[in-house]
Amino acid sequence: MNRSILPIALIIGLSGGALANSSQPDPSELTAVNSFAYGTVDNEGKLNSMVGVAGAYSEGNNFMGLVEHAVATKNNEFGQKAQNSRLRYFQVLDTNSRLLPQAGFSVDYMKGWKSSDDDISTDIVAVGAIAKMTTPWEGISLYPNVAYVKGEAYQNSVNRLDLSGYQLNLFGSISLGDLGKYLIIQPQFMHLDGEPNNSSSGEKLSANIFKVKTGFGMPISESGRWWAELSHTYTRSDSQINITGTSINAMDNDNKFEFGISYYF
C-alpha cells in the first residue's frame, strides 16, 4: 500500500492542463505534476518499480492510474525470490468546500505471487475514500484516506482464508523552502480478520498492523525532471492465530530503509 507521497500528489494536485505543463515538477507543492516512472531499492535488496499516468475527464474531475511490481533479490524460505504486484486507481473532484476542497475514491488491487507450491498467495482489494484537507500552514499538505479491505489468502486447494478488514492512512508532506526539497510522513493502521472459507478448515487470524513512513526528497537535475527520495518505514505487527481452540499471539517490529529515483514526463 504504502509508497511515496508522489501518487497522492499526482491525483490530488492535478489540474486539467497538468499533462501539458512544461514547468518544473514539484512533488512537495502537489501541483503542476505529470505522469511519472519511479524505482526504489531497500536495505534488504528488494526492487520496486512503478508507473503512473494522470489525466482529467473534465475540469475539476481528475484521475490517476498506477501499475507497480516488486521483486526480492534474496531467496525466501522456499528458495525462491518473492514477487508482488499492485494496481491502483484514484479519482477526485473539486468540492468547493473550505475544509476538504477535493475528495474522491480509490480502488486498490494487491497480488502476492506464489513462489512455490508451499508458498502463500494473496489477492486483496481495497476500496476507499480520499480527500485533501486544508491546513493553516501553506507548506503542509494532508490527505486522509479510509478503505475497506477484502480478499483471500491460500496455500493450496485446502488451506484458504477469507480476509476482511479496514485501513486508515494519513499522507502528509512538508515543503522546505523554494528549492523543491520536502519531507513526508505517512502513518497507517490496518486491521485484518481471516476465517477459513466454506470448503476448507484451519486456523482463524486477527492482525493489527501499524506503519509510519518518514522521508526526504529533492530534485537532482537542473530540469527538475529527476527526483530522489530517501525514506525509513517502521512496522509493528500484532497478530493472533486460533488453531483448533488454541490461541497463539505473535508480535514483530521491522525497520526498512529505502532509496528511490523518479522521473517526470
Side-chain angles (χ1 to χ4, degrees), residues 1-15 18 26-33 36 38 50 52 54 56-57 60-66 68 86-110 124-151 163-176 182-193 207-217 229 231-238 258 260:
M1 268 184 217
N2 283 156
R3 300 298 175 197
S4 163
I5 195 72
L6 297 180
I8 307 305
L10 286 165
I11 180 59
I12 296 291
L14 187 64
S15 66
D26 187 354
S28 66
E29 187 180 325
L30 307 186
T31 58
V33 294
F36 73 104
Y38 184 53
M50 181 193 303
Y57 295 113
N61 183 1
N62 311 310
F63 72 89
M64 162 60 66
L66 300 171
E68 184 176 355
R86 191 174 186 180
L87 302 175
R88 282 181 282 178
Y89 177 81
F90 298 89
Q91 186 173 344
V92 296
L93 296 91
D94 294 339
T95 65
N96 297 318
S97 167
R98 292 185 60 185
L99 180 61
L100 300 174
Q102 291 175 304
F105 70 92
S106 61
V107 180
D108 192 351
Y109 170 70
M110 293 156 279
I124 297 175
V125 176
V127 179
I130 188 168
K132 178 180 181 179
M133 179 180 292
T134 301
T135 71
W137 307 279
E138 184 177 353
I140 298 179
S141 300
L142 296 177
Y143 305 89
N145 173 231
V146 180
Y148 172 72
V149 180
K150 185 72 174 177
L163 303 174
S164 62
Y166 62 89
Q167 189 179 72
L168 306 175
N169 299 284
L170 182 63
F171 301 96
S173 71
I174 303 173
S175 177
L176 302 177
Y182 63 93
L183 297 175
I184 61 169
I185 179 168
Q186 301 174 9
Q188 176 193 104
F189 176 80
M190 181 168 63
H191 174 78
L192 276 179
D193 290 313
N208 292 315
I209 304 169
F210 174 71
K211 291 185 179 183
V212 178
K213 178 179 179 178
T214 55
F216 170 77
E229 184 178 293
S231 65
H232 167 262
T233 301
Y234 167 75
T235 304
R236 176 190 171 97
S237 302
D238 293 291
E258 194 171 45

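Remember, it's a predicted structure, so these values are computed and weren't measured experimentally. Note that the numbering runs from 1 along the sequence shown for the chain.
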Answer yes or no: is there a side-chain heavy-atom contact under 4.5 Å between [X] and [Y]?
| X | Y | result |
| --- | --- | --- |
| F36 | L66 | yes |
| Y38 | E68 | no |
| K150 | V125 | no |
| F189 | N208 | yes |

Rounded at 0.5 Å granularity, tell me how far [atom1] in [X] sits from [atom2] in [Y].
| X | Y | atom1 | atom2 | value |
| --- | --- | --- | --- | --- |
| S173 | I185 | OG | CD1 | 11.0 Å |
| Y143 | L170 | OH | CG | 11.0 Å |
| I174 | F216 | CD1 | CZ | 12.0 Å |
| D108 | F90 | CG | CZ | 6.5 Å |
| I184 | F171 | CD1 | CZ | 10.0 Å |

Which pair of heavy atoms, one from [X] and one from [Y], lies closest together, and at what distance?
| X | Y | result |
| --- | --- | --- |
| L100 | A131 | CD2-CB, 4.1 Å |
| K132 | P101 | O-CD, 3.2 Å |
| F63 | A56 | CE2-N, 3.4 Å |
| G165 | Y148 | O-CD1, 3.3 Å |
| A126 | M110 | CB-CE, 4.3 Å |

Inset, instruction - Check whether any side-chain N or O of T95 sits under 3.5 Å from a backbone N or O of A103 as a donor-acceptor pair, and report yes or no. - result: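 Pair absent, no side-chain N/O of T95 close to backbone of A103.
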Legend entry - Main-chain N/O of Q91 paired with N62 side-chain donor or acceptor, under 3.5 Å: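 Not a single qualifying donor-acceptor pair exists.
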Inset, instruction - Kindly write out the residues that satisfy side-chain contact (heavy atoms from CB on, under 4.5 Å) with I209, not counting sequence neighbours, or none if the list is empty. - result: M190, K211, T235, S237
Legend entry - Listed partners of Y234 passing side-chain contact (heavy atoms from CB on, under 4.5 Å), at least two apart: H232, R236, N253, N255
Inset, instruction - Using only heavy-atom distances, determine whether the side chains of Y182 and E229 contain a donor-acceptor pair under 3.5 Å. - result: yes
Legend entry - Candidate pair L176 and L183, rule side chain to side chain contact (heavy atoms under 4.5 Å, CB included), full reasoning: CA-CA 7 Å; L176 302 177; L183 297 175; 3.8 Å; yes
